[in-house]
> 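One structure is given below, represented as structure tokens, and several questions about it will come after.
We name chains A, B, ... by the order of the sequence lines, and we start the count at 1 in each one.
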Amino acid sequence: MIDKKVQSVAEAVSGIRDGATVMISGFGEAGSPIELIHALIDQGARELVVVNNNAGNGYVGLAALIGAGRVRKVICSYPRSSHSEVFPELYRAGRIELELVPQGTLAERIRAGGAGIPAFYTPTSAGTPLAEGKEVREFNGRQYVLEQALTGDVALVKAERADRFGNLVYNKTARNFAPIMCMAAKNTIVQVRHVVEAGDIDPEAVVTPGIFVDRVVHVPNPAQESKLVAEGVRYP
Amino acid sequence: MIDKKVQSVAEAVSGIRDGATVMISGFGEAGSPIELIHALIDQGARELVVVNNNAGNGYVGLAALIGAGRVRKVICSYPRSSHSEVFPELYRAGRIELELVPQGTLAERIRAGGAGIPAFYTPTSAGTPLAEGKEVREFNGRQYVLEQALTGDVALVKAERADRFGNLVYNKTARNFAPIMCMAAKNTIVQVRHVVEAGDIDPEAVVTPGIFVDRVVHVPNPAQESKLVAEGVRYP
Amino acid sequence: MSSKPAGKGLNREAMAWRAAQDIPDGAYVNLGIGIPEMVARFVPAGREVIYHSENGILGFGPPPEPGQEDPELINAGKKPITLQPGTSFFHHADSFAMIRGGHIDICILGAMQVAANGDLANWSTGEGGVPAVGGAMDLVAGVKQVFIITEHTTRQGEPKLLTRCTYPLTGAGVVSRVFTNYGVFDVADGRFVMREIASGIDVEAVRAATEGPLEISADLKVVEAPVPA
Amino acid sequence: MSSKPAGKGLNREAMAWRAAQDIPDGAYVNLGIGIPEMVARFVPAGREVIYHSENGILGFGPPPEPGQEDPELINAGKKPITLQPGTSFFHHADSFAMIRGGHIDICILGAMQVAANGDLANWSTGEGGVPAVGGAMDLVAGVKQVFIITEHTTRQGEPKLLTRCTYPLTGAGVVSRVFTNYGVFDVADGRFVMREIASGIDVEAVRAATEGPLEISADLKVVEAPVPA
């Protein structure tokens with residue numbers, strides 16, 4: 001019988017290797033799989049390339065992973081926020097690499113990676129410094145930039161509910177990058193607030209079909225990043 | 001107040017021009033907006049380019065539109081079926097044009113059209129006659145074919161439920177091409193079994209957000225194409 | 001025409017109010033962070049506007065009452081918002097398909113510099129620091145009409161409406177209208193066309209504060225902002 | 001080795017049964033129209049297999065009881081299917097993202113011709129008529145393993161396992177295994193490697209009916225099909 005559930009976040013992140021490309025869901029704190037990220041810190045993989053919209057807040061979650069020196073490079077659209085200290089400091093010191101990608105191009109590159117599309121043209125960034133070094137081509141009189149797919153060795157994702165097949169639904173705007181990251185990674189690891197029986201999720205309302213999911217771990221009361229930041233928590 | 005509902009299928013298809021590219025949802029009969037197609041026959045637009053997975057069955061729906069001589073060209077993946085007479089006859093007589101597209105490429109071209117992506121590379125059809133005349137390019141040691149976006153002047157779509165904003169949900173495998181056609185057409189016209197109040201569709205379960213929909217018409221008891229075909233019905 | 005000292009013109013609320021008047025009933029609108037976010041408060045009664053945010057929500061409502069915030073119900077500015085009848089959620093690729101695919105009618109953004117050819121610079125001064133772009137380049141590339149709300153000059157008094165942007169571009173030839181504290185400007189045919197002027201502001205003062213080519217509409221009107229200026 | 005006349009070998013059910021044995025527990029599988037569709041009936045007990053169909057469904061069940069058919073619940077062959085716990089629906093672009101993106105483990109298709117270099121021809125004889133391709137080119141381009149079930153020769157007795165396909169290709173270098181009425185063949189390193197032979201079939205008869213380079217495995221086994229042949 002298919003059952004993608006594992007018993008702990010430690011088991012969920014086992015096997016992630018040094019040098020892996022790790023996609024991490026979330027837009028700011030909404031949808032950030034903070035317990036999986038902390039488990040990855042404990043697990044110890046190094047030289048990671050992280051794909052996320054941002055670069056973490058305070059000293060927990062993604063910021064803690066970066067702060068622990070585990071991340072070689074961040075691919076993101078917006079690495080600044082009012083509570084981001086860790087990434088800016090390392091970046092200014094030349095100790096971490098940044099690939100800055102417009103947010104929609106980032107989303108489309110991830111979606112392309114999941115859909116078997118190696119590259120596509122987009123109008124975004126044409127005529128700007130972010131198109132430098134990239135092929136530009138005209139279609140119907142307008143300039144478009146060639147962008148390449150992004151894939152992950154691993155995705156760490158937060159969802160609301162899962163069944164044993166890995167079918168997922170999300171909560172409100174915590175959905176954001178999660179569904180496309182599930183598609184684009186070889187090994188998709190999901191923390192969920194609720195584990196339900198097969199058949200309990202309406203087949204019309206499944207957002208991520210289980211085919212895109214490898215491991216599911218039950219985290220019934222996930223931490224809220226902004227609260228941890230406000231409390232000055234540091235992980236570990 | 002926004003209200004995309006119109007009062008009749010005739011009003012729904014009003015304004016469709018000669019020469020328009022018309023995307024029509026459905027996979028065989030499942031999801032085919034048969035009442036809208038019949039209204040389009042009555043409306044009279046000619047020289048249409050139709051995008052559909054197939055080319056109609058019997059002498060109703062899409063087959064009737066083609067049989068009425070309204071269609072200049074069909075863009076599809078599979079124009080044959082056990083009950084398709086109209087298209088094959090016109091095709092053999094050289095009286096209708098066919099652009100044959102692999103089904104996944106067809107879906108992706110439509111999705112690209114809706115997403116503002118003018119072109120993309122795909123492995124599908126590389127090394128086959130359907131790649132002839134197309135740019136082929138290597139990424140990571142594999143051959144990919146450049147495919148262009150498809151957009152529609154109009155989409156005729158069948159859905160299960162809509163609210164006044166045009167938010168849509170579908171029924172089972174009748175969903176198929178409808179959501180991406182809603183995205184790819186300038187004027188998306190939808191027939192629905194049920195019209196519901198705003199707020200009655202779970203925001204987590206909306207499949208097509210209303211931004212992709214222009215007109216909604218209530219067709220509470222849509223005909224079943226296979227029954228009409230079995231009964232030998234011809235439209236008009 | 002006498003050249004009296006320029007007043008401050010419209011305040012932030014008045015600029016947001018003026019931009020809101022140009023949003024038609026039924027429009028799909030994306031509002032940037034800062035003054036643009038305030039626009040929603042000033043849309044005229046009777047117009048139903050549907051707001052989109054990059055992080056995957058359409059048709060959301062105003063900020064919640066204090067204490068009712070949901071950290072998983074936010075806009076792209078990471079501020080709390082609310083559900084209302086007709087809201088829908090979707091993932092990031094679908095959200096930017098709406099943007100890039102030309103489905104959003106209007107986006108309203110801030111600017112560091114706007115050029116008379118429609119170029120916009122609003123993400124980087126090009127001077128180092130940590131670069132961050134977010135969804136701005138996607139919005140200006142995809143949304144049908146790009147409106148800008150900005151102070152007419154920098155805090156140092158330097159013009160922001162230029163012949164050519166000197167900062168790195170967000171998009172080339174993308175801006176169609178600019179709302180500043182001095183008035184309303186269309187961007188057309190390589191110049192700024194001033195359509196409306198703030199009460200108490202002198203045309204010559206606007207000329208002096210504008211580096212790019214500026215045409216004054218023969219039909220120049222005064223901005224009628226009911227918001228206390 | 002004596003060359004006795006070749007029997008017919010496995011019948012359609014036996015071919016489907018044999019292919020079904022090679023589907024592991026937990027696999028995501030897409031079955032083509034015809035004999036491949038029959039494979040689902042023969043998956044060994046205890047293995048849970050998740051079936052995908054191009055028209056936007058994953059995890060569906062067997063055909064319904066007569067009278068229970070739903071015209072809006074069908075597979076890509078337009079035949080009625082059923083829901084079961086864990087089924088999900090999605091649109092066509094997402095469905096082919098599963099295919100093209102390498103998320104389906106195995107697809108099983110029919111063939112007009114298969115070549116020893118893995119080329120497949122199964123959509124057109126190139127001889128006119130109304131061409132139709134469906135999702136075959138997407139499946140062979142994207143699915144991790146492509147299995148073929150086919151009679152070993154055409155009705156006219158012409159070989160279907162060739163050095164090079166003469167019909168228009170569905171995909172180049174895509175087939176990994178072929179199940180015929182004569183046995184089981186891996187496609188590897190530019191040749192067919194016969195792993196198993198149908199009971200009552202002579203190796204020399206297989207050689208005679210195979211145009212492409214054929215190697216007989218040193219470990220050749222007899223297909224153990226419990227299905228009446």
> So which of D:Gly102, D:Gly59, D:Gly86 has the largest heavy-atom pair count under 4.5 angstrom toward chain A?
D:Gly86
> How would you list, by chain and number, every residue that makes a ring pair (Phe, Tyr, Trp, His ring centres under 6.0 Å) with D:Phe147, sequence neighbours excluded?
D:Phe179
> Looking at side-chain heavy atoms only, is the closest gap between D:Cys107 and D:Val146 below 4.5 Å?
yes
> Taking every non-hydrogen pair under 4.5 Å, which of A:Gly199, A:Ala115, A:Gly114 racks up the most with chain D?
A:Ala115
> Please classify the contact between D:Ala141 and chain A as side chain, backbone, both or neither, with a heavy-atom cut-off of under 4.5 Å.
neither
> Can you find a heavy atom in the side chain of D:Phe60 that is under 4.5 Å from one in the side chain of D:Leu73?
no
> Pairs of donor and acceptor atoms involving the side chains of residues 34-42 of chain D, under 3.5 Å and at least two apart or interchain, shall be tabulated with distances.
{"unit_1": "D:Glu37", "atom_1": "OE1", "unit_2": "D:Gly34", "atom_2": "N", "d": "3.3"}
{"unit_1": "D:Glu37", "atom_1": "OE1", "unit_2": "D:Lys79", "atom_2": "NZ", "d": "2.9"}
{"unit_1": "D:Glu37", "atom_1": "OE2", "unit_2": "D:Asn75", "atom_2": "ND2", "d": "3.3"}

> Is A:Val74 close to A:Pro79 at the side-chain level, that is, under 4.5 Å between some pair of heavy atoms?
no
> Extract the chain D to chain A donor-acceptor pairs under 3.5 Å, no hydrogen or angle test applied.
{"unit_1": "D:Tyr28", "atom_1": "OH", "unit_2": "A:Lys4", "atom_2": "NZ", "d": "2.5"}
{"unit_1": "D:Tyr28", "atom_1": "OH", "unit_2": "A:Gly210", "atom_2": "O", "d": "3.4"}
{"unit_1": "D:Glu48", "atom_1": "OE1", "unit_2": "A:Ile2", "atom_2": "N", "d": "2.6"}
{"unit_1": "D:Glu48", "atom_1": "OE1", "unit_2": "A:Arg164", "atom_2": "NH1", "d": "2.9"}
{"unit_1": "D:Glu48", "atom_1": "OE2", "unit_2": "A:Arg164", "atom_2": "NH1", "d": "3.3"}
{"unit_1": "D:Glu48", "atom_1": "OE2", "unit_2": "A:Arg164", "atom_2": "NH2", "d": "3.1"}
{"unit_1": "D:Gly86", "atom_1": "O", "unit_2": "A:Asn167", "atom_2": "ND2", "d": "3.0"}
{"unit_1": "D:Phe89", "atom_1": "N", "unit_2": "A:Pro203", "atom_2": "O", "d": "3.1"}
{"unit_1": "D:Arg100", "atom_1": "NH1", "unit_2": "A:Ala115", "atom_2": "O", "d": "2.8"}
{"unit_1": "D:His103", "atom_1": "NE2", "unit_2": "A:Gly114", "atom_2": "O", "d": "2.7"}
{"unit_1": "D:His103", "atom_1": "NE2", "unit_2": "A:Met183", "atom_2": "O", "d": "3.3"}

> Decide yes or no on side chain to side chain contact (heavy atoms under 4.5 Å, CB included) for D:Ile23 and D:Ile108, but give the supporting numbers first.
CA-CA 10 Å; D:Ile23 300 179; D:Ile108 308 185; 4.1 Å; yes
> Can you name the residues that form a ring pair (Phe, Tyr, Trp, His ring centres under 6.0 Å) with D:Phe90, not counting sequence neighbours?
none
